[in-house]
Amino acid sequence: MADEDFMLTEAQRQRKRRRRRRIQISLVALLILGVIAFFVARPIRNSIRGWQARRHAQHAFAFIDQQKWSDARDEATAAYRLQASEPDAIRAVGRLLSRAGQGEALEFWKNLRTIAPLTREDLRDEARVALRVNDNARADGAASELLEAKEGGGPSPTDWLIAADVQLRKHAFDQAQGLAEKVLASPKANRREQLQANIALDNIARNAGPTSSIDIAKIDERIVALSKGDDDVSLDALTFLAARAAAAPTESKPPLPIDQLIESINRHPLAKAPHQLLAADLEIAQHRDQRDEILRRTIEHWKGGNNESLTALAAWLYRNGEQQRFVEAISLDRALQTRELFLQYVDALAALSRWDEIRRIIESERFPLDPVIEHMYLARCFQQQGQENGAENNWQRALEDAAGDLNKLLMLGEYAEKNGAERVATTAFEAAATANPKSRQAQQGRLRIAYSARDTKRVHTLLQEMLKIWPNDTAIQNDEAYIHLLLIIGGTTSVSSQTPASNPPRSASPIRAVGSSEPEANSNPESSSEAEAVDAIVKLAEKMVRDEPASLPHRTLLALALMKQNRAQDALAVYANLKVPSNAVSASAVAVHASVLAATGRKDEARAEIAKVPSNRLLPEEAMMVLPLRG
């Protein structure tokens with residue numbers, strides 16, 4: 001017994017023992033609770049964060065449906081930051097990026113697939129954004145899932161329309177036609193879906209050419225019927241008819257008389273400036289002798305409108321080559337009210353070569369431009385005035401200000417490319433690709449510059465890099481194999497291809513004289529690695545042609561590979577029963593087809609074909625391939 005307890009009574013000692021016991025029990029309980037809290041606090045915290053992320057995601061979905069993009073972005077960002085592994089948070093960001101047409105959305109849909117199944121709405125967004133960025137393989141996969149999914153009673157007219165668009169991109173015209181016709185036959189299809197199906201059939205018929213079984217007159221009749229009314233669908237139908245009439249030959253008969261079409265657009269209750277300006281284009285085309293009067297009347301009607309209407313008017317005047325009327329109708333003070341209108345005003349001055357005036361306006365800082373845009377315009381001013389140092393300094397400052405910002409780098413790259421500053425464009429696109437290697441826009445920019453420089457090796461290197469990022473993209477597969485084959489033919493291949501068994505050959509023999517399919521006497525034998533590379537390309541091309549029989553690029557690749565194997569007749573057979581609209585035929589496709597014609601003895605046809613293609617539109621290896629047909 002402790003000394004301090006000696007003087008205590010028995011009752012006091014019992015109370016003290018009970019108090020000690022309670023303290024001991026409390027300490028043990030606290031220890032147990034601490035252990036429990038250690039193990040469950042994180043799941044509880046994650047659960048709370050997950051709930052908060054889902055709540056923000058639901059708000060984002062609502063704002064997306066209401067097209068309140070700024071609010072939707074804030075909510076989707078908050079959801080993703082709270083819990084990046086929460087399916088709804090990933091879905092919110094993917095949906096927002098998809099509706100904005102940004103290819104980065106595909107990465108979010110890919111991530112979502114690993115933790116949760118994609119809903120029908122998710123698949124639609126994935127397919128649409130994939131089509132937007134030309135990732136046909138991803139679009140095809142998503143469209144196939146849409147058609148197979150049983151959710152909600154199976155595929156709807158919207159799903160058939162998406163699938164039809166995918167098949168059209170693949171030049172599978174019969175399949176695309178069947179899907180579009182299913183929409184028209186469905187009682188569930190609303191007016192908008194009926195309009196989209198008819199427009200799809202119109203596109204299919206015009207791409208498939210004269211052999212198409214689609215009745216264009218019937219399509220016109222249905223679209224004209226949909227154009228009657230006062231809703232947004234009727235306005236879109238009128239707009240489609242107007243755009244098609246503007247692009248049609250003057251001698252063709254439109255489904256709706258032009259004057260009636262113009263009047264219908266102008267009287268439509270939902271028509272805004274862009275619609276009525278399109279009607280003005282039709283009126284000018286219909287009454288060319290009244291052009292000045294139509295221009296004067298149109299300018300007078302819209303020059304006092306709101307910023308949106310005035311911006312549309314400015315774009316219309318610029319498109320019609322009326323930059324002088326633009327700067328006369330729209331004052332600088334009025335142009336300073338919005339960024340878009342101000343930039344259009346500056347572009348109009350540039351078209352009039354008023355470079356000193358542009359410099360004064362920009363340097364006066366009357367409108368707070370982003371530094372990148374400011375230096376872009378100043379660089380062009382100095383460039384046009386022959387002041388190379390000033391141009392170089394401003395291009396460099398624009399690059400520095402855009403550093404690390406994907407959108408600004410892409411804007412700078414495209415502007416520099418458009419204005420002949422290819423070195424700056426190359427630097428900007430390279431930096432954009434470094435900032436985001438999966439940006440299609442950045443990679444395509446790099447590729448365009450390499451094609452423009454006619455640097456076949458550089459093109460091949462870039463295509464190989466892109467194929468590592470998008471290994472299932474058949475367009476990239478096709479182009480990489482085609483360029484690799486050109487390098488083999490030209491004897492300049494020095495890089496390995498993504499296709500199997502394609503190590504660089506020790507020597508390469510180009511396609512023999514295009515007029516002959518016989519082996520060249522005393523020619524050096526192909527190295528085994530080169531022969532294996534060509535065999536691999538043939539197999540790849542045959543598979544792609546089987547998968548997409550209406551694709552001209554795939555058949556072009558196969559024909560060229562067969563020519564390399566001295567199989568000219570087989571190469572010619574590749575083009576059998578192929579329907580390709582003339583506007584879809586590239587210079588490369590013409591060069592290969594002409595070579596095949598010449599190799600099979602049809603030299604006159606080959607010369608006639610290749611005469612239509614300037615040499616500067618061909619890569620060096622292609623130009624050399626068809627050189628015997630020139631002159």
Side-chain angles (χ1 to χ4, degrees), residues 170-174 207-212 474 477-479 481-490 499 508-521 523 526 530-531 533-613 615 617-619 621-631:
K170 294 167 61 177
H171 294 112
F173 302 123
D174 291 342
N207 279 279
T211 57
S212 170
T474 55
Q477 289 177 356
N478 187 95
D479 291 350
Y482 178 80
I483 296 298
H484 182 230
L485 191 55
L486 283 182
L487 290 171
I488 292 175
I489 290 169
T499 48
S509 56
I511 289 181
R512 286 168 252 303
V514 290
S516 171
S517 60
E518 295 300 320
E520 193 178 74
S523 63
E526 292 180 338
E530 177 185 300
V534 176
D535 287 343
I537 291 172
V538 168
K539 290 177 182 177
L540 173 66
E542 287 175 339
K543 179 183 181 302
M544 289 195 292
V545 169
R546 283 196 302 271
D547 293 342
E548 298 180 42
S551 170
L552 179 60
H554 295 344
R555 298 215 187 195
T556 298
L557 172 64
L558 179 56
L560 185 61
L562 293 172
M563 284 282 287
K564 179 60 182 168
Q565 293 182 329
N566 299 317
R567 298 164 59 188
Q569 292 297 334
D570 290 339
L572 183 61
V574 166
Y575 296 99
N577 302 318
L578 180 62
K579 311 171 194 174
V580 180
S582 58
N583 61 358
V585 179
S586 66
S588 297
V590 174
V592 172
H593 188 252
S595 296
V596 171
L597 288 176
T600 53
R602 297 160 64 175
K603 293 184 180 179
D604 290 341
E605 293 177 57
R607 291 192 181 100
E609 266 194 14
I610 203 61
K612 301 174 184 176
V613 180
S615 294
R617 289 182 56 196
L618 299 172
L619 291 168
E621 293 77 8
E622 292 170 333
M624 287 298 298
M625 185 169 65
V626 298
L627 185 61
L629 295 174
R630 304 253 187 213

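For the atom pair Leu540 CG and Asn478 CG, the distance stands at 7.5 Å (nearest 0.5 Å). Between Ile483 atom CD1 and Ile488 atom CD1 the span is 12.0 Å, to the nearest 0.5 Å. Distance check: Ser551 OG to Leu558 CG gives 11.0 Å after rounding to the nearest 0.5 Å. With rounding to the nearest 0.5 angstrom, the CG atom of Asp604 is 10.5 Å from the CG atom of Leu629. Taken from NE2 in His554 to CZ in Arg546, the straight-line distance is 12.0 Å, to the nearest 0.5 Å. The distance from the CE atom of Met563 to the CD atom of Gln565 is 12.0 Å, given to the nearest 0.5 Å.
Across all non-hydrogen atoms, the minimal contact from His484 to Ala533 is CE1-CB, 3.9 Å. Closest approach of Ala481 to Ile537, counting heavy atoms only: O-CD1, 3.7 Å. Here the closest heavy-atom approach between residue Lys612 and residue Ala608 is recorded as CG-O, 3.7 Å. Considering every non-hydrogen atom in both Val596 and Ala559, the closest pair reads CG2-CB, 4.3 Å. Residues Leu618 and Ala587 approach most closely at CD2-O, 3.5 Å, considering heavy atoms.
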**OP:** Kindly determine whether Gln569 and Thr600 satisfy side chain to side chain donor-acceptor pair (under 3.5 Å), including the steps that lead there.
**Re:** CA-CA 6 Å; Gln569 292 297 334; Thr600 53; 5.1 Å; no
**OP:** Applying side chain to side chain contact (heavy atoms under 4.5 Å, CB included), run through Leu597 and Lys603 and close with a yes or a no.
**Re:** CA-CA 6 Å; Leu597 288 176; Lys603 293 184 180 179; over 6 Å; no
**OP:** Give the intermediate values and the outcome of side chain to side chain contact (heavy atoms under 4.5 Å, CB included) for residues Asp547 and Thr474.
**Re:** CA-CA 10 Å; Asp547 293 342; Thr474 55; over 6 Å; no
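In this structure, the side chains of Leu560 and Ile489 come closer than 4.5 Å at one or more pairs of heavy atoms. Between Arg602 and Leu572 there is a side-chain heavy-atom pair separated by less than 4.5 Å.
Salt-bridge annotation for Glu530 and Lys564: present, with a side-chain N of the basic residue lying under 4.0 Å from a carboxylate O of the acidic one. Classification of Lys539 and Asp535 as a salt-bridged pair fails, no side-chain N sitting under 4.0 Å from a carboxylate O.
Panel note: side chain Arg555, backbone Tyr575; no donor-acceptor pair is recorded below 3.5 Å. With hydrogens and angles ignored, the 3.5 Å screen pairs a side-chain donor or acceptor of Glu622 with a backbone N or O of Leu619. Between the side chain of Arg630 and the main chain of Ile610, a donor-acceptor pair closer than 3.5 Å is present.
Between His171 and Phe173, a ring centre-to-centre spacing shorter than 6.0 Å is recorded.
No side-chain donor-acceptor contact under 3.5 Å links Gln477 and Tyr482.
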